[in-house]
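Remarks on the structure that follows.
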Amino acid sequence: MRNYFIAGNWKMHKTVSESVALAKDLVAKLGDCNEKLMIAPAFTALAAVSEAVKGSKILLGAQNMGPEEQGAHTGEVSVFMLKDLGVKVVILGHSERRHSYHESDELINKKVRLALQHGLEVILCVGETLEEREGGRLETVCKTQVEKGLAGVAAAELGKVTIAYEPVWAIGTGKTATPEDADAVHAYIRKVLAGLYGESSAKAMCIQYGGSVKADNAAQLMQKPNIDGALVGGASLKPETFVPIAKFR
Ligand code: PGA
């Protein structure tokens, strides 16, 4: 039986004390969950949440990372700082970073390679806007984001890479791709990965779905053959909405 990777992206929500309270609650309620689990609080709460999840099975994630190791980069957070706090996974290329902060595929790729070089796991987010989908560019957009995002990444490093397919129009909108629709795009992404790394590497890769994942649609999504987990935004902010997603089966 395969393990799913269920990850919570808390985005720009919660103070340190609120984050610790949520993390402690999740540790208590998810001790018996067998999936791979991650929570990504804001940078300001990483240190405290790191303590709260210590010894549990919940991995500590960060929502972003600077593209340089260190130096004069005002406002950025380095891979060393994240590792120092116990961060194991970093979310890169989230659509909010791509669209609100104009992060390019080249910049995202630089971060992906830097994170992997220092042993962090990466969740590389890809996905099309509604305009791109309606304009028939879904496949081109996903292919470009996967290929450029993974440029220079060796097959041996893929065990530390998860792809999150997040259609931009489904994020925070309550609109979810149908499980069939999402699975078809996941299958396409796997085909792109097979083109880059071969069939068996592509088959072994984890591809999460993200975009309005909730307790009532998680099981249907996870049942699909190409959906290996979920990247959850809004519903990851409360135990009563996140725990049932992590325990979807
Ligand atoms: P959502 O966000 O679950 O609130 O749609 C998903 C994400 O942005 O990762």
Side-chain angles (χ1 to χ4, degrees), residues 4-14 18-19 22 26 30 35-43 45-46 49 58-65 87-103 108 111-112 115 121-130 132-133 138 141-142 145-146 149 161-179 181-183 185-186 189 206-222 224 227-248:
Y4 291 82
F5 183 10
I6 311 293
N9 172 9
W10 295 359
K11 305 192 180 182
M12 201 172 73
H13 293 286
K14 298 194 184 287
E18 289 166 349
S19 300
L22 175 55
L26 293 176
L30 291 173
E35 318 302 346
K36 177 175 174 179
L37 301 170
M38 183 210 84
I39 51 176
F43 286 133
L46 281 172
V49 171
I58 301 179
L59 299 170
L60 185 64
Q63 300 172 19
N64 189 19
M65 188 192 87
V87 168
K88 302 286 184 234
V89 188
V90 60
I91 300 170
L92 296 173
H94 190 280
S95 66
E96 286 149 18
R97 302 295 325 166
R98 291 179 189 268
H99 297 289
S100 306
Y101 299 96
H102 310 292
E103 290 199 7
I108 293 160
K111 297 181 185 193
V112 167
E121 278 191 43
V122 167
I123 297 177
L124 171 64
C125 304
V126 304
E128 82 290 357
T129 62
L130 190 56
E132 288 164 342
R133 173 174 276 243
L138 186 163
V141 169
C142 291
Q145 291 180 353
V146 169
V161 178
T162 294
I163 304 289
Y165 169 59
E166 300 203 305
V168 179
W169 48 271
I171 296 177
T173 58
K175 290 184 196 151
T176 334
T178 63
D181 238 8
D183 191 58
V185 183
H186 282 230
I189 290 172
C206 173
I207 307 179
Q208 291 174 323
Y209 172 79
S212 300
V213 176
K214 306 274 183 271
D216 59 9
N217 59 23
Q220 288 157 294
L221 286 160
M222 298 309 137
K224 293 290 167 193
I227 302 182
D228 307 311
L231 182 54
V232 186
S236 71
L237 294 170
K238 289 184 191 154
E240 57 269 35
T241 47
F242 190 61
V243 171
I245 295 174
K247 294 189 175 175
F248 70 93

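Ligands are counted one by one from 1 in listed order, and the atoms in each one are counted from 1 as well. Just so it is clear, the structure is predicted and the values come from calculations on it, not from any experiment.
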> Is any side-chain heavy atom of R133 less than 4.5 Å from a side-chain heavy atom of D181?
Replying inline: yes
>> Do N217 and V213 have side chains that approach each other closer than 4.5 Å (heavy atoms only, starting at C-beta)?
In response: yes
> Taking C-beta and beyond as the side chain, do C142 and E128 meet within less than 4.5 Å on heavy atoms?
Replying inline: yes
> Which of the atoms of ligand 1 are close to S212, meaning less than 4.0 Å from one of its heavy atoms?
Replying inline: 1 (P), 3 (O), 5 (O)
> For ligand 1, is there an atom lying under 4.0 Å from some heavy atom of K214?
Replying inline: no
> Would one find an N or O of G234, backbone or side chain, under 3.5 Å from an N or O of ligand 1?
Replying inline: yes
> Hey, are the side chains of I123 and M38 touching, using non-hydrogen atoms and a 4.5 Å cut-off?
Replying inline: yes
>> Checking contacts here: is it the side chain or the backbone of A235 that comes within 4.0 Å of ligand 1, counting heavy atoms only? Could be both or neither.
In response: neither
>> When you compare the side chain of C125 with that of I91, does any pair of heavy atoms fall below 4.5 Å?
In response: yes
>> Using a 3.5 Å distance criterion without hydrogens, assess whether the side chain of Q208 forms a donor-acceptor pair with backbone atoms of F5.
In response: yes
> Just which atoms of ligand 1 are under 4.0 Å from any heavy atom in A170?
Replying inline: 5 (O)
>> When you compare ligand 1 with T173, is there at least one nitrogen or oxygen pair between them that comes in under 3.5 angstrom?
In response: no
> Among protein heavy atoms, which sits nearest to atom 3 (O) of ligand 1, and what does the distance come to when rounded to 0.1 Å?
Replying inline: G233 N, 2.9 Å
> Counting each atom of ligand 1 from 1 as listed, which ones have a heavy atom of G172 under 4.0 Å away?
Replying inline: 1 (P), 4 (O), 5 (O)
> Relative to the heavy atoms of G211, which atoms of ligand 1 are at a distance of less than 4.0 Å?
Replying inline: 5 (O)
>> For a 4.5 angstrom cut-off between non-hydrogen side-chain atoms, does S236 reach L231?
In response: no
>> Checking a contact table here: which protein heavy atom is nearest atom 9 (O) of ligand 1, and how many Å away?
In response: E166 OE2, 2.6 Å
>> Less than 4.0 angstrom from a charged side-chain N to a carboxylate O is my criterion; do R98 and E166 meet it?
In response: no
> Is A164 near ligand 1, meaning one of its heavy atoms is under 4.0 Å from it?
Replying inline: no
>> Let's go through M65 and F43 carefully: what are the C-alpha distance in whole Å and the side-chain angles of both, what is the deciding distance for side chain to side chain contact (heavy atoms under 4.5 Å, CB included) to 0.1 Å, and is it a yes or a no?
In response: CA-CA 10 Å; M65 188 192 87; F43 286 133; 5.9 Å; no
>> With a 4.0 Å cut-off on heavy atoms, is G210 in contact with ligand 1?
In response: no
> Atoms of ligand 1 less than 4.0 Å from H94 heavy atoms?
Replying inline: 7 (C), 8 (O), 9 (O)
